[in-house]
Amino acid sequence: MFVAESQLQAAPALEYQNHYPFPLIPLGYAYSALEPYIDTKTMELHHDRHLKTYVDNLNAALAPYPEFHDWSLELLLTQNDVLPDAIQTAVRNNAGGVYNHNFFFSQLGKSPLKQGSILRSDIEQTFGSFANFKDAFTKAALRVFGSGYAWLSSDKLGSMQISTTANQSNPLELGLQPLFTIDVWEHAYYLKHYNVRADYVADFFKLSV
Ligand code: MN
């Protein structure tokens, strides 16, 4: 339906300031929206405390350096070595924390792997089947030792690959474009799934398709 499509395209996208001072971007859905797969309390703590801490620490690190106040999260991560030595580590960790959580929370509200979606079609083409992708992505998520993420990314030629990162690192730092991710820090699942990351990953997939 052409009218509906043009209305969609005309609708203003929600835009948030992508430079200092970085905002705590709202979830865009209720804390309870992901029940029963991710519980309300986990979402409250994950967004309002964990993400907020990364936002606050990033802004605090950048506050004394106005020359970097127009830098985006992407620039702070990919050009991190241009920053003063004194803030490189703090900015890498906290800009990563902000970028990764914004990406993860936004994705959780969208079911990006639903039948017929562009991403799902591309995945099926790359991995042969959605089941193959799910298996490989799950294995990646389970092999992250300690805290980190599993990612589906595309390289500069558009080829998809699955990878993992430790702590708050992310694929942008490796020249890759993130397409899909799971946060496997224990704070993402411990209240509901305790130490059983495999149960969390299975529930995460029920939300994402
Ligand atoms: Mn997290």
S.K.: Any side-chain donor paired with an acceptor under 3.5 Å for W151 and T165?
M.R.: yes
S.K.: Less than 6.0 Å separating the ring centroids of F105 and H46?
M.R.: yes
S.K.: State, to 0.1 Å, how close Q88 and D81 come at their nearest heavy-atom pair, and which atoms those are.
M.R.: NE2-O, 3.3 Å
S.K.: Determine whether the aromatic ring centres of residues H101 and H187 are separated by less than 6.0 angstrom.
M.R.: yes
S.K.: Between N195 and E186, is any side-chain donor less than 3.5 angstrom from a side-chain acceptor?
M.R.: no
S.K.: Give me the atom names and distance for the closest heavy-atom approach of R120 to L113.
M.R.: CD-O, 2.8 Å
S.K.: Looking only at the side chains, is there a donor atom on one of E35 and T40 sitting less than 3.5 Å from an acceptor on the other?
M.R.: yes
S.K.: Kindly indicate whether a cation-pi arrangement holds for K192 with Y200, taking the cut-offs as under 6.0 Å to the six-membered ring centre and within 45° of the axis.
M.R.: no
S.K.: Is atom CD of Q125 surrounded by more than 12 heavy atoms (other residues, nucleotides or ligands) closer than 6.0 Å?
M.R.: no
S.K.: Nearest heavy-atom pair of N170 and G96: which atoms, and what distance?
M.R.: ND2-CA, 4.5 Å
S.K.: Is there side-chain contact between L76 and L62, with at least one heavy-atom pair below 4.5 Å?
M.R.: yes
S.K.: For F133 and L152: C-alpha separation, side-chain torsions, deciding distance, then whether side-chain contact (heavy atoms from CB on, under 4.5 Å) applies.
M.R.: CA-CA 10 Å; F133 162 74; L152 176 70; 4.0 Å; yes
S.K.: Does any non-hydrogen side-chain atom of F137 lie less than 4.5 Å from one of I182?
M.R.: yes
S.K.: Decide yes or no for H69 and H19: does some side-chain heavy atom of the first lie under 4.5 Å from some side-chain heavy atom of the second?
M.R.: no
S.K.: Identify the residue among N59, L58, D70 that makes a side chain to side chain contact (heavy atoms under 4.5 Å, CB included) with Y20.
M.R.: N59
S.K.: Can Y99 and Q168 be counted as having a side-chain donor-acceptor contact under 3.5 angstrom?
M.R.: no
S.K.: Could you check whether the rings of Y65 and F68 sit parallel, tilted or perpendicular, using 30° and 60° as the cut-offs?
M.R.: tilted
S.K.: Counting only heavy atoms from other residues, nucleotides and ligands, does the tally under 6.0 Å from OH of Y194 exceed 12?
M.R.: no
S.K.: May I have the step-by-step check of side-chain contact (heavy atoms from CB on, under 4.5 Å) for Y149 and T164, ending in yes or no?
M.R.: CA-CA 6 Å; Y149 295 76; T164 63; over 6 Å; no
S.K.: Does Y189 have R197 sitting over its ring (NZ/CZ under 6.0 Å from centre, angle to axis within 45°)?
M.R.: no
S.K.: Looking only at heavy atoms, which two atoms of L119 and L179 are closest? And how far apart?
M.R.: CD2-O, 3.8 Å
S.K.: Do L191 and D39 have side chains that get closer than 4.5 Å, going by heavy atoms?
M.R.: yes
S.K.: Can you check side-chain contact (heavy atoms from CB on, under 4.5 Å) on K139 and I162, steps first, answer last?
M.R.: CA-CA 10 Å; K139 284 181 175 149; I162 291 171; over 6 Å; no
S.K.: Report yes if some heavy atom in the side chain of S153 is under 4.5 Å from a heavy atom in the side chain of F180; otherwise report no.
M.R.: no
S.K.: Is there a path of hydrophobic side-chain contacts, each under 4.5 Å between heavy atoms of I, L, V, M, F, W or Y residues, that connects L207 with Y29?
M.R.: yes
S.K.: Give me the one residue out of T42, D203, D199 that meets side-chain hydrogen bond (donor to acceptor under 3.5 Å, both in side chains) with H193.
M.R.: D203
S.K.: With side chains defined as the heavy atoms from C-beta onward, is the minimum distance between N100 and Y54 less than 4.5 Å?
M.R.: no
S.K.: Going by atom types alone, do K134 and T138 pair a side-chain donor with an acceptor below 3.5 Å?
M.R.: no
S.K.: Taking the side chain as C-beta and beyond, is there a heavy-atom pair between F22 and Q17 under 4.5 Å?
M.R.: no
S.K.: Are any of the side-chain heavy atoms of N102 and L51 separated by less than 4.5 Å?
M.R.: yes
